[in-house]
Structure formats: C-alpha cells, structure tokens
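Structure, as structure tokens:
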Amino acid sequence: MSQIIKIKDVAQYLDQEVTFQGWLYNKRSSGKLRFLLVRDGSETIQCVVFKGDVPEEIFDDATKLTQESALRITGVIAKDERSALGYEMQVKGLEIVSLADEYPITKKEHGTDFLMDHRHLWLRSSRQHAIIRIRHEIIRSAREFFDDRGFTLVDTPIFTPNAAEGTTNLFETDYFDEKAYLAQSGQLYGEAAAMAFGDIYCFGPTFRAEKSKTRRHLTEFWMIEPEMAFCDLEKDMQVAEEFITHIVKSVLKNRRNELVILERDIEKLEKIEAPFPKIHYDDAVEILKKNNIDFEYGGDFGGTDETVISEQFDRPVIVHRYPAAVKAFYMKRDDKNPDLALAMDMLAPEGYGEIIGGSQREDDHQVLLDRVKEHNLPEKAFAWYLDIRKYGSVPHAGFGLGIERTVSWICGLNHVRETIPFPRFMNRLYP
RNA sequence: UCCGGCGUAGCUCAAUGGCAGAGCGGGUGACUGUUAAUCACUAGGUUGUAGGUUCGAAUCCUACCGCCGGAGCCA
C-alpha cells in the first residue's frame with residue numbers, strides 16, 4: 001500500500017500514488033466511471049474509478065459502495081479544474097473496510113427534529129464540520145487570550161452542595177443519600193481561586209434546569225469565566241471587550257473558509273474592534289423608550305429588549321450599572337447610587353442577545369453577610385464564601401462568556417442547538 | 001405553565017368531505033466526466049392515538065400524545 005495521507009495535504013502529493021482512509025460521502029456514476037466523494041475528516045475529495053484502469057472486482061466494489069461506507073482508497077493525485085477541491089484521485093485500488101447500511105441522512109432536506117435524532121450521524125456533514133471547527137477555534141483562542149496574560153486555569157466543581165438562589169432552576173442529583181446540584185456557574189469558587197492566584201479562569205459545562213424553549217437556551221452549556229483580584233468594573237469591561245475582539249479576529253484569521261461555508265456576512269465580523277460602546281442602564285432604557293418599547297424602569301431586559309438595544313450598534317454593546325434588585329446578591333453596589341449594582345452585560349450584535357454577564361463583587365464581609373441574610377440564603381453553606389472577605393479581601397471582578405451563544409453569533413446561526421456536538425435542551429436527551 | 005402552528009411512505013412534502021400521490025433515498029437496468037448527475041422500471045401506507053359526526057373522513061368535531069416557534073423563566 002502507498003503512503004497514507006490526509007486529504008487536506010493533497011497538494012503536496014501531485015502525480016504521486018497515495019492512500020486515503022475515510023468514508024464515502026457521496027457517489028455518482030456514468031457508464032464506465034464511478035465518482036466517489038471521499039471524506040476523511042480533514043477534507044473531502046473526488047476519486048474517479050475508470051473501468052479500464054482497475055481489475056473488475058475493484059470496479060464492482062466501487063459500484064456497490066453505499067453512502068458512509070468506510071474505505072481505503074489508493075490512486076494517483078491529479079490536478080483537475082472540474083473538481084471542487086482543485087485536485088482529484090485517479091483510483092488504482094480500493095479496499096472496503098465496512099459496507100454501510102442504508103444511511104438515514106440523504107442529500108435532500110431534513111427537519112431539525114429528525115436530524116437531532118441522528119445527531120451522531122449529522123456531525124458528518126460539511127455544515128456541521130464548519131460550525132464545530134469554529135467552536136474549536138473560539139475555545140482555543142479564548143484560552144490563548146487568558147494564558148498569554150498570565151491567568152491560571154483553575155477549574156471548579158460540577159457537583160455543588162448548595163443552591164445559590166433557590167433550587168428550582170438547578171438539576172438535583174443523589175450524592176450518597178445527600179442532595180447535590182449540578183453547577184450553574186463556577187464563579188463563587190473562581191473568587192476563592194483569584195485570591196490564591198491573582199488572575200484565574202475556569203472553563204467547563206454549566207447546567208440550568210429552566211424550561212426555556214427558545215433559540216438562545218440550552219440546559220447544558222459551556223462557560224469560560226475569568227476572575228481577577230484587584231480589579232474594578234471598568235477594568236472588567238475592558239478585559240471583556242479585548243477578549244471578544246481577540247476571539248473574533250482569531251476566527252476570521254484561522255476559520256475564514258468555514259465562515260464562507262456557513263454563508264456568514266464576514267464584513268459584519270470585521271467591524272468588531274475594541275473599544276465597544278459602554279452605556280449606562282438608564283441610557284439603555286432611553287433607547288427602548290425612543291423605539292416605543294413598553295418597558296418598566298427597574299426591570300431586566302427581555303429577549304426583544306436586548307435585540308432593540310444591540311441593533312443600535314455595529315459591534316457588541318456593554319450595558320452597565322443595572323438595578324441591584326434584578327441582579328445577584330454578591331454584586332457590589334455603586335457608591336454613587338446604592339440602588340445600582342456594578343454589573344455589566346455584553347449584548348452581541350444582530351439580535352444574538354447576552355453573551356457575557358459580569359460584575360465587580362462585594363468585598364466587604366459585613367455587607368455581604370447582610371445580603372446573604374436578605375436573600376434568605378443558608379449562612380452556613382456560604383461560610384467559606386464569606387471567609388474570602390475575612391482573610392485579605394480585595395476589590396475583584398470577573399465575567400462569564402457563554403460559548404454556545406458566541407458560536408451562534410459568530411457563525412450567524414438562528415439557534416444555539418447546532419453549536420454544541422450533542423445538545424441538551426427541553427425534550428432532548430438523545431443521543 | 002400559557003399562546004400559536006404542525007403531525008400523511010425511510011426523509012421532505014402534496015392531496016380540504018368522494019380512487020392516498022410526488023420528489024429524494026432503497027432495489028433493478030442504461031450511460032466514459034459526474035458536481036444534490038441524468039434517464040427507465042420497481043418495491044414501499046394502521047394518514048400520531050382514541051372516540052365522534054357523515055352514505056363516505058388524511059380532510060370536520062372532542063380528548064390525549066409528540067414536535068416546532070414564541071412568552072414566562074433565565075446570578
């Protein structure tokens with residue numbers, strides 16, 4: 001057998017005999033010719049079998065190959081303008097590794113529910129390849145951003161003993177006859193880690209048991225959450241905008257072809273450059289009023305509100321200083337107006353909604369203890385968290401980026417369910 | 001939980017009260033350059049489930065189930 005190569009490297013082997021290992025993506029035929037589209041995970045190439053060039057049994061094998069059959073195929077690489085890749089293989093040899101059963105996913109259109117039932121096979125299609133590779137680049141560049149700035153990766157637990165804000169939106173599990181909950185954020189542990197290492201981030205799955213049936217919600221999704229000691233809200237927002245700029249630029253540089261496959265409007269992504277507009281909550285409410293949106297001051301923004309606000313700008317917009325009443329207990333209040341929390345949300349353009357939520361944290365022990373009591377939280381369960389404020393407390397801040405919403409925005413998708421290999425949402429636990 | 005839509009062949013859909021169909025996929029055959037190849041032939045159905053109206057129901061009515069979209073919910 002000749003040298004086994006990846007299809008993406010085909011240009012280096014012009015006029016040489018090589019072997020691919022892969023799967024049959026599609027097959028066309030014409031008389032004494034068989035056109036085999038072979039995918040090996042790196043790329044897809046057309047391999048041409050001419051009856052006069054190969055032994056009869058090889059031509060018969062090429063004829064009986066079914067979609068997604070596994071194969072090893074050997075031949076000479078030739079340049080060909082008629083082929084989508086620019087190259088194709090003139091086949092000399094073919095080994096069927098396994099003949100596939102009738103494949104459920106055909107070349108015609110399918111409904112989303114059917115495709116989700118066959119998610120394990122759907123991942124083989126070119127569109128899903130493009131999305132998952134962009135997801136990979138987003139995660140790779142996100143880690144690179146923090147790694148290059150000296151952040152330490154400190155991952156946080158998934159089993160947690162207590163519910164920060166009630167248990168209705170948490171998945172409950174049995175932990176040796178004790179109740180445990182799947183984490184909905186690593187942040188509280190991240191704060192402890194920041195006091196140990198200065199700048200840290202965690203990256204892992206988070207779980208929300210909300211019965212949300214919208215294009216923006218999953219029950220299991222991934223968040224990357226930096227936490228920084230000696231950091232205030234202003235610096236927090238600055239890190240966030242530089243972070244997003246870095247991710248978008250990395251995708252544009254390293255996964256441009258995938259964006260083209262997805263027919264993404266690349267010009268819109270090329271406008272993403274720090275600094276981003278940063279508007280006060282009051283200004284955001286003003287925007288809603290100007291657009292005749294019925295909105296009561298003091299509330300949180302709904303999906304439509306977020307879309308209207310983000311549509312005013314050509315890059316992500318950061319809204320800061322929300323009413324403390326609609327935000328979490330651990331957020332520090334604004335000195336200038338104690339009704340406002342030092343919180344910030346970043347809204348993606350084009351109506352993709354909140355991709356980042358962050359804040360400066362309350363660093364005073366007594367104030368935080370009062371908040372825990374106000375929210376009727378179990379003081380004992382939060383003892384370790386309050387400890388952080390007793391032993392060398394400092395101003396600190398951080399944020400969380402939702403990976404799937406970011407992938408959805410950068411890819412220009414209309415639903416987050418395609419942004420994760422095996423999504424979990426309402427009515428979807430299989431495969 | 002609420003509001004709206006949908007459920008017909010493996011898949012995507014048509015048939016709106018009167019014979020249950022097409023395209024794709026499968027099978028058989030033809031073709032030396034196909035690009036979701038094309039062409040011919042062929043197999044494939046408890047019309048989501050249960051009940052009701054009617055001479056007659058995929059079609060109208062009721063309930064249930066499932067799915068989709070949205071709202072609510074969403075540190």
Side-chain angles (χ1 to χ4, degrees), chain A residues 25-37 44-53 59 63-64 66-68 78 80-85 88 90 100-118 121-122 125-126 163-166 168-170 183-188 190-191 206-219 221 223 225 299-307 322 324-331 341 343-345 353-354 356-359 361-362 371 375 377 385 398-400 402 405 414-417 425-428:
Chain A
Y25 193 73
N26 192 15
K27 180 178 72 176
R28 292 179 285 266
S29 68
S30 177
K32 298 189 173 70
L33 287 167
R34 298 289 178 267
F35 301 95
L36 309 178
L37 258 79
T44 302
I45 192 170
Q46 176 162 282
C47 303
V48 185
V49 189
F50 175 51
K51 195 168 188 176
D53 284 353
F59 191 77
T63 303
K64 77 180 185 197
T66 50
Q67 194 184 353
E68 289 302 325
D80 198 307
E81 296 306 316
R82 290 168 294 190
S83 171
L85 190 64
E88 59 179 33
Q90 296 294 334
D101 284 1
E102 187 183 329
Y103 196 63
I105 299 177
T106 68
K107 286 168 276 183
K108 280 277 182 175
E109 283 180 47
H110 296 282
T112 311
D113 195 49
F114 175 82
L115 288 169
M116 276 299 171
D117 278 339
H118 298 84
L121 304 176
W122 190 18
S125 72
S126 59
E165 306 249 315
T168 51
N169 50 358
L170 294 179
Q184 56 175 334
S185 163
Q187 184 211 308
L188 271 52
E191 289 182 53
T206 51
F207 307 88
R208 308 256 167 116
E210 287 128 20
K211 293 185 176 177
S212 300
K213 293 172 73 174
T214 81
R215 66 187 67 191
R216 301 181 305 278
H217 289 89
L218 296 171
T219 51
F221 64 98
M223 273 213 294
E225 297 174 275
D300 207 349
F301 302 125
T304 317
D305 304 327
E306 287 181 350
T307 302
Y322 283 72
V326 298
K327 288 293 181 182
F329 76 97
Y330 55 72
M331 292 184 180
M344 63 102 165
D345 284 353
E354 182 188 337
I356 280 180
S359 68
R361 326 301 190 188
E362 180 53 66
R371 300 264 183 270
H375 284 79
L377 299 172
Y385 186 63
F399 61 83
R405 285 187 184 179
N414 63 9
H415 203 298
V416 290
R417 66 190 155 201
F425 50 96
M426 282 276 288
N427 307 317
R428 177 56 63 187

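Computed from a predicted structure; not experimentally measured. Excluded from the calculations below are hydrogen atoms, water molecules and symmetry mates; all remaining heavy atoms, backbone and side chain alike, are included.
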By the 4.0 Å heavy-atom rule, please label [X] as base, sugar-phosphate, or nothing.
X: Glu88(A); result: base
X: Gln67(A); result: nothing
X: Asp300(A); result: nothing
X: Gln90(A); result: base
X: Thr66(A); result: nothing
X: His118(A); result: nothing
X: Arg82(A); result: base
X: Ser212(A); result: base

Legend entry - Non-neighbouring partners of Glu225(A) that pass side chain to side chain donor-acceptor pair (under 3.5 Å), sequence neighbours left out: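 Partners of Glu225(A) by the side chain to side chain donor-acceptor pair (under 3.5 Å) criterion, ordered by chain and then number, come out as Ser185(A).
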
Inset, instruction - Would you indicate whether the side-chain heavy atoms of Arg405(A) and Glu354(A) approach each other to under 4.5 Å? - result: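 A side-chain contact under 4.5 Å exists here.
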
[atom1] of [X] versus [atom2] of [N]: gap in Å, rounded?
X: Lys211(A); N: A71(B); atom1: NZ; atom2: C1'; answer: 16 Å
X: Asp117(A); N: G66(B); atom1: CG; atom2: C1'; answer: 11 Å
X: Lys64(A); N: G27(B); atom1: NZ; atom2: P; answer: 13 Å
X: Arg417(A); N: C67(B); atom1: CZ; atom2: P; answer: 13 Å
X: Gln184(A); N: C73(B); atom1: CD; atom2: C1'; answer: 13 Å
X: Arg34(A); N: C31(B); atom1: CZ; atom2: P; answer: 10 Å
X: Arg215(A); N: G70(B); atom1: CZ; atom2: C1'; answer: 9 Å
X: Met223(A); N: A75(B); atom1: CE; atom2: P; answer: 10 Å

[X]: side chain to side chain contact (heavy atoms under 4.5 Å, CB included) partners, not counting sequence neighbours:
X: Glu102(A); value: none
X: His110(A); value: Ile105(A), Thr106(A), Phe114(A), Leu115(A)
X: Ala341(A); value: Ala324(A), Lys327(A), Met331(A), Ala343(A)
X: Lys51(A); value: Lys32(A), Phe59(A)

Legend entry - Asp53(A) (side chain) donor-acceptor with Phe50(A) (main chain) under 3.5 angstrom: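 Not at all, since once roles are kept as given, no pair shorter than 3.5 Å links the two residues.
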
Inset, instruction - Keeping the roles fixed (side chain from Arg28(A), backbone from Leu36(A)), state whether a donor-acceptor pair exists under 3.5 Å. - result: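 The answer is no, because no donor-acceptor pair under 3.5 Å joins these two groups.
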
Work out how far the [atom1] atom of [N] is from that of [M], and round it to whole angstrom.
N: A9(B); M: G23(B); atom1: C1'; result: 12 Å
N: G44(B); M: C39(B); atom1: P; result: 23 Å
N: U46(B); M: G5(B); atom1: C1'; result: 26 Å
N: C73(B); M: G17(B); atom1: P; result: 43 Å
N: C31(B); M: C41(B); atom1: C1'; result: 16 Å
N: C61(B); M: G7(B); atom1: P; result: 13 Å
N: A43(B); M: C3(B); atom1: P; result: 47 Å
N: C19(B); M: U53(B); atom1: P; result: 23 Å

Inset, instruction - Just jot down the ring pair (Phe, Tyr, Trp, His ring centres under 6.0 Å) partners of Phe399(A), sequence neighbours excluded, or say none. - result: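 Once residues adjacent in sequence are excluded, the partners of Phe399(A) under the ring pair (Phe, Tyr, Trp, His ring centres under 6.0 Å) criterion are Phe243(A).
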
Inset, instruction - Select one nucleotide: of C67(B), U34(B), C73(B), the one nearest the side-chain heavy atoms of Asp113(A). - result: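 Of all the options, the side chain of Asp113(A) is nearest to C67(B).
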
Inset, instruction - Measure from the side-chain heavy atoms of Ser30(A) and tell me the nearest of A71(B), A75(B), C31(B). - result: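 The listed nucleotide nearest to Ser30(A)'s side chain is C31(B).
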
Inset, instruction - For Asp113(A), enumerate each residue passing the salt bridge (charged side-chain N to carboxylate O under 4.0 Å, His left out) test, keeping only those at least two apart in sequence or located in another chain. - result: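 So Asp113(A) forms a salt bridge (charged side-chain N to carboxylate O under 4.0 Å, His left out) with Arg428(A).
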
Legend entry - 5'-most by nearest nucleotide on RNA chain B - Thr214(A) or Leu33(A):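 Result: Leu33(A).
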
Inset, instruction - Would you kindly compare Arg405(A) and Asn414(A) by the position of their nearest RNA chain B nucleotide and give the one closer to the 5′ end? - result: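 That would be Asn414(A).
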
Legend entry - Candidate pair Phe207(A) and Phe221(A), rule ring pair (Phe, Tyr, Trp, His ring centres under 6.0 Å), full reasoning: CA-CA 7 Å; Phe207(A) 307 88; Phe221(A) 64 98; 8.5 Å; no

Legend entry - RNA chain B base-pair string [pairs: Watson-Crick or G-U under 3.5 Å; |: paired with another strand]: (((((((..((((....[..)))).(((((.......))))).....(((((..]....))))))))))))....

Protein-nucleic acid N or O pairs under 3.5 Å, nucleotides 8-13 of chain B:
from	atom 1	to	atom 2	distance (Å)
C11(B)	O2'	Glu109(A)	O	3.4
C11(B)	O2'	His110(A)	ND1	2.4
U12(B)	OP1	Gly111(A)	N	3.0
U12(B)	O4'	Glu109(A)	O	3.3

